[in-house]
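Notes follow the structure.
We use all heavy atoms of the structure for the numbers below, so side chains are in, but hydrogens, waters and symmetry mates are not. Lettering of chains follows the sequences in order, A, B, ..., and the numbering in each one begins at 1.
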Amino acid sequence: MIETMTKKPRVRFAPSPTGLLHVGSARAALFNWLYARHTGGTFLVRIEDTDLERSTEEATRQILESLEWLGLTPDEPVQYQAKRAHIHRAYLERLLESGHAYRCYCPKEKLDELREQARAEGRIFAYRREMFPDDEARKLEAAGAPFVIRFRAPVGGITAFDDIVYGHIEVENDTIGDFVIARADGTPLYNFTNVVDDIDMGITLICRGEDHVPNTPKQIMIYRALGVEPPQFAHLPLILGPDKQKLSKRHGATGVTEFREMGILPEALVNYLALLGWAPPEAEFDEVMPLEELIARFSLERVSKSPAVFDHEKLLWMNGVYIRRSPRDRIEALVRERLARRWPEIESPSFQPPNPLLTRDPWLRGIIELAIERSRTLADFPDQLAYFFERPESYDEKATKKFLSSPAQVAQLEHTAKILGDAWEQACTQANPAKADADALEHWCEAMEKPLREWAENENVKFGNVAQPVRLAVTGRTASPPLFHVLWFLGRDETLYRIHACAQWARARMKNK
RNA sequence: GCCCGGUUCGUCUAGCGGUCUAGGACAUCGCCCUCUCACGGCGAAGAUCACGGGUUCGAAUCCCGUACCGGGUACCA
């Protein structure tokens, strides 16, 4: 243990490209990366594409892209296992020569039979060379029959290792038996290629999912047969869905690209994932932890042993915090992309916002700003801001009943439109948000609010009963950013138009009843 | 079946023999702020520490058993 400390740490993330980068894998990548950054070591990526049946280039591309998006980029060029076949072959040869591996001619039928028999007797099935007669094997060999290559596992005794997360784990060698390391077509298998590549790449610590625990003793046997000291191991508990089953597609989003599409920020996902199954040494700490802090405090020793349920709600909360804390320019750029997807005209040079006093960029910046503290994902913004781009097609049903179901109420709404219209110019002379600093908008809002409030007081109606109908008329909804901010970005004409259109609609509605 | 693990509020976790009448975060509920929503602030509720035995003056913390959950049991990774 001490001697490994003297070597510069080298860790790797080794996904098999059979699908999207799953959040479970992403977390494994993250923990490796954090470990490397914390220890000043090297983080590598190796694509394990030896299973040609299931591996695709598209998956490789996606995985690499997701890693990059998360900021988990390797310190050396990405390795592809399929391109390392010559190295695997050389090591295989070594094992064959030293007698640590042998050609196994035992036919599949015989294996199935042995397996069946072991199960019937309540034993674990562990193949041994002795189970197939030598002379028969020689006959098949002479006849050029197909064979697999098996690793000759030690007979008797135990293989043990000290997992950084799980502690001491030991397994009886006889429960493992002689396992296959190369297929009949000559291609090597995971347990073998993995070890060879990790040796060749100088890996000092292997951190991967808990599902690999059973592979570890086999791999340790191979290290020893090759005369190499095995690296350290750290296995990570699995991520579960709300039903406590292994997290899978049927639980909803599980791929990193899906989270990206949902409008999750990479730093929020990283932060959330880091805290799933790991906690810093402090008893109390701010869970929104910048990357530097994460790196500084990270240690595999503090990884939890038990599987964790993925809590989507908490991720959304954390993402909201990151949206609010991110530099405005960054959020603005990201949101603009999404707004443009839905309303492509905003990127046209001739785009004119509804408030003619404003040009596009300050207008966009302004409305985006209004939605920031109301959004948990980037995808929330377009929904949040839709009424700035489209006139309301309908009005909230309950609010209509409450605020616009009598001629008096509609008349009141129209009267507020008059007050607003009259106040507009004057408010602009007091403080013009179009040309002045940040507080100008606040002052303008106050100037707009004042006459409306005074009128409400005189009429003896609560201000809320004045503001809500206007909000309903201009947005169609009962919830929005502060009313006067909304009105400003809508502009005078659009505001008045919408109020009158709504009043008309409300009257027609009453008639039809 | 067999092998290997795991088990603290609904969820993520702190806890490594006395400081625990178990701490924090998300979610929930209430209050405050308030033109609505949100943000923010304050507060409440929520865990007989899976269960049963030990060890000990003393156990969420150590040991054993049981239950439940998970992983593995491939010529997948």
**Message:** Regarding D396(A) and R477(A), does a basic nitrogen lie under 4.0 Å from an acidic carboxylate oxygen?
**Reply:** no
**Prompt:** Between R325(A) and E267(A), is there a side-chain N and carboxylate O pair less than 4.0 Å apart?
**Reply:** no
**Request:** Starting from P on rC4(B), measure out to CG on D163(A) and report it in whole angstrom.
**Result:** 15 Å
**Message:** Any residue in residues 366-375 of chain A with a heavy atom nearer than 4.0 angstrom to RNA chain B? Just list them by number, or reply none.
**Reply:** E373(A), R374(A)
**Fill in**
In terms of heavy-atom contacts, S480(A) and R471(A) come closest through OG-NE, 2.8 Å
**Prompt:** When you check the gap from the basic side-chain N to the acidic O, do K83(A) and D49(A) get nearer than 4.0 Å?
**Reply:** no
**Prompt:** Are K305(A) and E210(A) within salt-bridge range, i.e. N to O under 4.0 Å?
**Reply:** no
**Fill in**
Re rG70(B): Watson-Crick or G-U wobble partner, both distances kept under 3.5 Å, found to be rC4(B)
**Request:** Indicate whether any N or O donor in one side chain lies under 3.5 Å from an N or O acceptor in the other, for Q79(A) and D197(A).
**Result:** no
**Prompt:** What is the pairing partner of rC26(B), taking Watson-Crick or G-U wobble pairs with both distances under 3.5 Å in any strand?
**Reply:** rG10(B)
**Request:** Go through rG71(B), rU36(B), rG24(B) for me and flag the one nearest to the E284(A) side chain.
**Result:** rG24(B)
**Integer-rounded Å distance: rU73(B) C1' and R119(A) CZ** = 9 Å
**Where L72(A) and A26(A) come nearest, the two heavy atoms and their spacing** = CD1-O, 4.2 Å
**Request:** Identify whether the distance between the nearest side-chain nitrogen and carboxylate oxygen of R46(A) and D200(A) falls below 4.0 Å.
**Result:** no
**Asked** Any donor-acceptor pair under 3.5 Å joining the side chain of Q245(A) to the base of rG70(B)?
**Response** no
Sort me out a list of protein N/O and nucleotides 7-11 of chain B N/O pairs below 3.5 Å, or just none if empty.
residue	atom	partner	partner atom	Å
rU11(B)	OP1	K244(A)	NZ	2.9

**Request:** Could you check how far CZ of R471(A) sits from P of rC35(B), rounded to whole Å?
**Result:** 10 Å
Report, one line per pair, each donor and acceptor closer than 3.5 Å where one atom sits in a side chain of residues 447-455 of chain A; sequence neighbours left out.
residue	atom	partner	partner atom	Å
E449(A)	OE2	R453(A)	NE	2.8
E449(A)	OE2	R453(A)	NH2	2.7
W455(A)	NE1	H415(A)	NE2	3.3

**K246(A) NZ - rG6(B) C1' separation (whole Å)** = 15 Å
**Message:** Checking contacts here: which listed nucleotide (rU13(B), rC4(B), rG71(B)) is nearest the side-chain heavy atoms of V213(A)?
**Reply:** rC4(B)
**Prompt:** Can we say R61(A) and E58(A) salt-bridge, meaning some charged N sits less than 4.0 Å from an Asp/Glu carboxylate O?
**Reply:** yes
**Prompt:** Tell me, for nucleotides 40-51 of chain B in 5' to 3' order, what letter each nucleotide earns: B for a base near a protein heavy atom under 4.0 Å, S for only sugar-phosphate near one, - for neither?
**Reply:** S-----------
**Item:** G-U wobble or Watson-Crick pairing nucleotide for rG65(B) (cut-off 3.5 Å, both distances)
**Value:** rC51(B)
**Request:** Measure from the side-chain heavy atoms of L483(A) and tell me the nearest of rC37(B), rC35(B), rG6(B).
**Result:** rC35(B)
**Complete:** Of the candidates rA77(B), rG6(B), rG70(B), the side chain of L238(A) sits closest to rG70(B)
**Message:** For a quick test of reading the model: is some side-chain N or O of R183(A) closer than 4.0 Å to OP1 or OP2 of rA74(B)?
**Reply:** no
**Asked** Which one, rU36(B), rU13(B), rC2(B), comes nearest to the side chain of P482(A)?
**Response** rU36(B)
**Message:** Just N and O in the side chain of S55(A): are any of them under 4.0 Å from OP1 or OP2 of rA77(B)?
**Reply:** no
**Message:** Run F192(A) and F179(A) through ring-ring contact (aromatic ring centres under 6.0 Å, His included) and show every step you take.
**Reply:** CA-CA 10 Å; F192(A) 177 71; F179(A) 53 94; 9.6 Å; no
**Prompt:** Between E313(A) and R376(A), is the closest basic N to carboxylate O distance under 4.0 Å?
**Reply:** yes
**Request:** Could you check which of rG71(B), rA14(B), rC35(B) has an atom nearest any side-chain atom of A467(A)?
**Result:** rC35(B)
**Whole-Å C1' distance, rC39(B) and rC33(B)** = 11 Å
**Prompt:** Rounded to whole angstroms, how far apart are CD on E449(A) and C1' on rU34(B)?
**Reply:** 10 Å
Side-chain donor-acceptor distances from residues 116-123 of chain A under 3.5 Å, at least two apart:
residue	atom	partner	partner atom	Å
E121(A)	OE1	R123(A)	NH1	2.0

**Request:** Measure distances between side-chain N and O atoms of R123(A) and base N and O atoms of rC2(B), and say whether any donor-acceptor pair falls under 3.5 Å.
**Result:** no
**Request:** Would you tell me if any nitrogen or oxygen in the side chain of R103(A) comes within less than 4.0 Å of OP1 or OP2 on rC75(B)?
**Result:** no
**Pairing nucleotide - rC39(B), Watson-Crick or G-U, each distance under 3.5 Å** = none
**Complete:** Checking rC37(B), rC12(B), rC76(B) against the side chain of L276(A) (C-beta onward), the nearest is rC12(B)
What are the atom names and distances for every N/O pair under 3.5 Å that joins the protein to nucleotides 62-66 of chain B?
none

**Message:** Checking contacts here: which listed nucleotide (rG5(B), rC35(B), rC4(B)) is nearest the side-chain heavy atoms of E210(A)?
**Reply:** rG5(B)
**Request:** Starting from P on rU36(B), measure out to NE2 on H485(A) and report it in whole angstrom.
**Result:** 15 Å
**Message:** Please report whether the ring centroid of F310(A) lies less than 6.0 Å from that of Y272(A).
**Reply:** yes
**Prompt:** More than 12 non-hydrogen atoms from neighbouring residues, nucleotides or ligands closer than 6.0 Å to CD on E136(A), yes or no?
**Reply:** yes
